[in-house]
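The structure under discussion appears below in the form of structure tokens.
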Amino acid sequence: MPAVAYVNGRYGPIAEAAVSIEDRGFQFADSLYEVVAVMNGRFLDWDKHLWRLKRGLAALFIEGLPSDAALAAIARRLVSLSRYSDGLLYIQVSRGAAKRDHGFPADIPATLVMTVRRFNFRQRLPQLETGVSAISLPDQRWARCDIKTTGLLPAVLAKQEARAANAFEALFEKDGIVTEGSSTNLYMVAADGRIVTHPLSASILPGIARDTLLGLAQDAQMQVEERPFTLEEARAAPELFLTSTTAPILPIVQLDGAAVGGGAPGPVTRRLGALAWAEIQRQTGWNG
Ligand SMILES: Cc1ncc(COP(=O)(O)O)c(C=O)c1O
């Protein structure tokens, strides 16, 4: 079977999977999602993703998710049905399907959708050598960017603008502060070599790759500072990089058309890149 889906108890090809048009995920983006890397047939940072999903569900008062063990069993079955060794597991939970009304409906089951698609992580290795480009844009998102909701329209528009500018990512700027990318967390390396990234707050998603990378940096005795930084600081920084589940670490070598640092990946990002990929190998056995 190629890309596979699970929808409320049923497994099948993605092309045949469906939810009701009355689903509140469709009607209101009243839903959350997670994206987990499947590498060498194993899940990267599974427990952290589950933690974030449950945190988001609690924030939105969505109940009735299967147990952790049941979710893991569904996820494993999808991977084995797909036969992909490298892919992305997508989990979406909505409040459920009901007659349209903004307030919560009483006693409806949540909708649970999970899919596994193929994904090529290998493409990130040459990108780690060359770096990618980014543009900056005003942050037009809502005030709870720490919740991973499917209400992604500002991110969709920003990513499209980046694509039109031949850039890999759009970086969001709010009140002079550059917070994160449209689907990535952002870091600068300061002149003294510190790794600086926006602190956890309602302005950014608590990225799983961020959490893992900061842990690796600290274990390696590298200096990490979690504080807001301005777009001006970012422009002047010797190194910038981003992280996400689909791009464990990528250097940004161009911002708004100007070279970052020397216009090539710098030593701190390279060192972190080696640590990040070694951790992936340690957890999953992935070796390209
Ligand atoms: C806005 C935003 N920030 C950061 C991230 C990175 O999070 P993670 O490392 O959990 O993939 C994402 C991922 O989709 C995102 O959408």
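Nothing here was measured: the structure is a model prediction, and the numbers come from that model. We count ligands from 1, going down the list as the structure has it; atoms in each ligand are counted the same way. Just so you know, residue 1 is the first one in the sequence shown, and it goes up from there.
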Below 4.0 Å from any atom of ligand 1, is there a heavy atom belonging to R141?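 Yes, R141 has heavy atoms under 4.0 Å from ligand 1.
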Does some non-hydrogen atom of A155 fall short of 4.0 Å from ligand 1?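 No heavy atom of A155 comes that close to ligand 1.
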For [atom], grab the closest protein heavy atom and report residue, atom and distance to one decimal in Å.
atom                    : value
atom 11 (O) of ligand 1 : T245 OG1, 2.7 Å
atom 6 (C) of ligand 1  : N185 OD1, 3.7 Å
atom 3 (N) of ligand 1  : E180 OE1, 2.6 Å
atom 7 (O) of ligand 1  : G207 CA, 3.5 Å
atom 14 (O) of ligand 1 : K148 NZ, 2.9 Å
atom 9 (O) of ligand 1  : A209 N, 2.9 Å

Using a strict cut-off of less than 4.0 Å between a Lys/Arg side-chain nitrogen and an Asp/Glu carboxylate oxygen, indicate whether R210 and E180 qualify as a salt bridge.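 Looking at E180 together with R210, the answer is no, because their closest N to O distance does not fall below 4.0 Å.
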Does a side chain donor of either [X] or [Y] reach within less than 3.5 Å of an acceptor in the other side chain?
X    : Y    : answer
T111 : D23  : yes
K174 : T179 : no
S94  : D30  : no
N185 : T243 : no
T197 : E226 : no
Q123 : Q127 : no

Within the structure, does H49 bring an N/O atom to less than 3.5 angstrom of an N/O atom in ligand 1?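 By distance alone, the answer is no.
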Which option out of G181, P154, S183 puts a heavy atom nearest to atom 12 (C) of ligand 1?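 Result: the heavy atom closest to atom 12 (C) of ligand 1 is in S183.
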Is it the case that the ring center of F28 lies less than 6.0 angstrom away from the ring center of H102?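 Yes; F28 has its ring centre under 6.0 Å from that of H102.
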Part of V35 within contact of ligand 1 (heavy atoms, under 4.0 Å):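 Within the 4.0 Å criterion, V35 makes no contact with ligand 1.
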